[in-house]
Amino acid sequence: MGNYSMPRYFQNMPVVGNKPIRANAENVAELKAVEEDIHDKVVASLENGKPDEALNEKGQLTAMQRIALLVDAGTWCPLNSLYNPENNKTGTTTIIKGLGRVNGKWCVIIASDNKKHAGTWVPGQADDLLRGSDTAKRLRIPLIYLLECAGVELPVQEKVYPNRRGGGTPFFRNADLNQLGIPVIVGIHGTNPAGGGYHSISPTILIAHEKANMAVGGAGIVGGMNPKPYVDMEAALAQIEATKGLRAAPPGSVGVHYNQTGFFREVYGAQEDVIAAIKKYVDMLPSYNLDFFRVDDSQSPALPDTELYDIVLNNKNRPYDMYGVIGRLFDGSQFQEYKKGYGPEMITGLAKVDGLLVGVVANQQGVFPNYPEYKMEKYGQAMGAGGKLYRQGLIKMNEFVTLCARDRIPMIWLQDTTGIDVGDDAEVAELLGLGQSLIYSIQNSDLPMLTIVVRHGTAAAHYVLGGPQANDNNAFTLGTAATEINVMNGKTAANAMYTGRLAKDQKAGKDLQPTIDKMNEMIKDYEEKSKPFFCAKAGLVDEIVDMPMMRNYIVAFTDSCYQNPNTICPMHQMLLPRAIRDYDNLNNK
């Protein structure tokens, strides 16, 4: 046992989730079938393009081979593996991205997928790159590019090159990271003209393979100085002659940018040595020894993570024990709850990950008799539903976020919400204002946050529970095989959309079947566009992860938060643990 501050607060917290688990073979099979389908789609997207052997025979390593050389074994946590909002035929945005430790330091890694047209920019790639730089910015960890980018996919340039989140935006983000003291390190391979050249030059440190180049324009651009507004035979032949030499020796080679401009800091003949040089520069970067922030020895959860398949029910209408989920994700299955019993639909409290403190917010499931209080006061009876947000829960979350911000404790949200309570009672209870207050509290916190949509992410509650819309806070968002994200379920949406038309048609004596058919089409469309694969493809979540893999990402997130924070609160000056103890003492008298 190490020496830690305030051990009576942070060590031997209460164990949660240890109620007997009922085996649920049907639920296990359903969830694992979804996970297997996701695995198959990820493998297919990685295998698209040139075979590994074809690249290796030419002396090139694939993106995944480069990542394997760079990242410490067992630490790779991929992000946006299936992100493909514009339906590119390869099934990807031609990059591979994720979190990984490099010589013990967590980094965001972005690798050009050179199996697919030399890593060319395709629709959706710019936003995928920005998600990576946003993660690095929020976690204050290095961003590493394994770059081989042939520039814009010219036939779809209007979807790639311009716009607010277009191909040039990542270059501004790299400048932003540099100005914040977050280094961007690039290992340059292959040909990188035009936009690929700015990918190369915009990072902090440039390390090149001897056959790499970067340039404002490639051979085709340099040779394409035809004064005519069209191409004829004369112009075509002139173009061929103009580019012969350039294709043999493209502009911006090592001879220029190492020997003359000095932009390339180091050059290596072996790709493995380029990777080794990246590691060398990562070693030079500042980071805390995590023991500086630890409040306890690192522990695995005391309860088996495989039981998550039995606990999290794929039947979206059935409740489960969220404490059982918490007990299988955090150190020692320990959890110190904040204001237990107040706002019972929400669970808030402190947990430990790798011996480091995190704040946890989760939606409890089930029913709550005689709750919420504003309905009890009016009607003398009430029954709250788990997953809904009510007045007390919103107030408690506002307080908890504010205290976590004050104590500089990163936050993890376990989201399974069916929305915020509605109706005039809810309006009088100020739920609209309290929901926006929670958004204000999150935005004001300046805290890194991880959100896991365990099952439901519904309506505005999806936003206020640390959702990905919190760009300045949300480092990334995960989903599971049970995830479903929509503004409401398909049947409710169809009723909202078509009930008025049904009534109108009935009154007019019209056949109702065409409208009923449209309602069922909408229900089916909602179902397809709420499923885990669509959520990953459209970027509603950054990765669909296996149930036992949630812990891996939680560790990566938490270690990253404490690796090089820009502000700290000494443990013995924290207020949140004291507020928890005083509330417990007051209510246990």
Side-chain angles (χ1 to χ4, degrees), residues 319-323 326 335-350 359-406 411-445 447 449 451 453-467 469-470 473 487-489 492 575-576 579-580 582-584 586-588:
Y320 60 91
D321 180 16
M322 185 61 84
Y323 289 103
I326 292 171
F335 183 66
Q336 186 72 57
E337 190 162 359
Y338 174 74
K339 284 195 171 182
K340 182 176 177 63
Y342 179 82
E345 79 277 18
M346 295 310 307
I347 302 169
T348 57
L350 290 174
V360 178
V361 181
N363 295 98
Q364 179 60 299
Q365 306 301 299
V367 295
F368 309 103
N370 304 318
Y371 183 78
E373 77 292 342
Y374 52 85
K375 291 191 176 181
M376 283 294 296
E377 292 168 1
K378 184 173 181 180
Y379 304 109
Q381 60 182 359
M383 184 70 73
K388 284 285 184 189
L389 306 189
Y390 302 101
R391 180 180 174 87
Q392 285 186 11
L394 285 163
I395 289 173
K396 179 166 74 171
M397 284 188 285
N398 270 283
E399 293 174 355
F400 186 71
V401 170
T402 301
L403 286 167
C404 283
R406 187 263 178 211
M411 295 188 64
I412 296 170
W413 301 74
L414 301 177
Q415 189 181 117
D416 189 351
T417 178
T418 52
I420 302 174
D421 192 22
V422 296
D424 280 345
D425 296 333
E427 297 307 320
V428 172
E430 305 180 311
L431 300 199
L432 188 64
L434 288 169
Q436 180 57 37
S437 296
L438 182 52
I439 288 174
Y440 184 95
S441 296
I442 291 170
Q443 183 67 26
N444 190 58
S445 73
L447 283 179
M449 298 181 182
T451 297
V453 183
V454 180
R455 198 166 65 168
H456 289 109
T458 309
H462 176 53
Y463 308 159
V464 305
L465 295 174
Q469 299 79 12
N473 302 88
V487 70
M488 58 186 73
N489 68 55
T492 304
L575 186 59
L576 177 54
I580 291 174
D582 285 356
Y583 182 85
D584 289 346
L586 180 65
N587 285 275
N588 289 330

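Fair warning: this is a prediction, and the values are worked out from it, not measured in the lab.
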Determine the minimum heavy-atom distance between [X] and [Y], stating which atoms define it.
X      : Y      : value
Gln364 : Pro344 : CB-O, 3.7 Å
Lys388 : Ile420 : NZ-O, 4.2 Å
Ala579 : Leu403 : CB-CD1, 4.4 Å
Ala382 : Pro372 : CB-O, 4.0 Å
Asp425 : Tyr379 : OD2-OH, 2.7 Å
Gly419 : Ala459 : CA-CB, 4.4 Å

Short question: side chain of [X], backbone of [Y] - any donor-acceptor pair under 3.5 Å?
X      : Y      : answer
Thr417 : Gly457 : no
Lys396 : Tyr342 : yes
Asn444 : Tyr440 : no
Gln392 : Gly343 : yes
Thr348 : Val361 : no
Glu345 : Tyr390 : yes

With distance as the sole criterion, is a donor-acceptor pair present between the side chains of Asp416 and Tyr320 under 3.5 Å?
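There is such a pair between these side chains.
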
When you check the side-chain N and O atoms of Glu337 and Tyr323, is any donor under 3.5 Å from an acceptor?
yes

So how far is it from [X] [atom1] to [Y] [atom2], rounded to the nearest 0.5 Å?
X      : Y      : atom1 : atom2 : result
Gln365 : Arg455 : CD    : CZ    : 5.0 Å
Ser441 : Gln443 : OG    : CD    : 11.0 Å
Ile347 : Met322 : CD1   : CE    : 6.5 Å
Leu447 : Arg406 : CG    : CZ    : 12.5 Å
Met383 : Phe368 : CE    : CZ    : 11.0 Å
Met449 : Ile412 : CE    : CD1   : 11.5 Å

Tell me the salt bridge (charged side-chain N to carboxylate O under 4.0 Å, His left out) pairs involving residues 367-376, sequence neighbours left out?
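The answer is Lys375-Asp421.
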
Enumerate, atom names and distances included, each donor-acceptor pair closer than 3.5 Å involving a side-chain atom of residues 426-439, sequence neighbours excluded.
| unit_1 | atom_1 | unit_2 | atom_2 | d |
| --- | --- | --- | --- | --- |
| Glu430 | OE1 | Arg391 | NH1 | 3.0 |
| Ser437 | OG | Gly433 | O | 2.8 |

Which is it for Leu465 and Met397 under the side chain to side chain contact (heavy atoms under 4.5 Å, CB included) test, yes or no, and what are the steps along the way?
CA-CA 9 Å; Leu465 295 174; Met397 284 188 285; 3.4 Å; yes

Angle between ring planes, Tyr338 versus Phe400, binned at 30° and 60°: parallel, tilted or perpendicular?
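Tilted: the ring planes of Tyr338 and Phe400 meet at 30° to 60°.
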
List the steps, then state whether side chain to side chain contact (heavy atoms under 4.5 Å, CB included) holds for Val453 with His462.
CA-CA 9 Å; Val453 183; His462 176 53; 4.1 Å; yes

Beyond-backbone contact of [X] with [Y], side-chain heavy atoms, under 4.5 angstrom:
X      : Y      : value
Asn587 : Lys340 : no
Asn363 : Met346 : yes
Gln336 : Asp584 : yes

Is the number of heavy atoms from other residues, nucleotides or ligands under 6.0 Å of Asp582 CG greater than 12?
yes

Tell me if the OH atom of Tyr463 is crowded by more than 12 foreign heavy atoms within 6.0 Å.
no

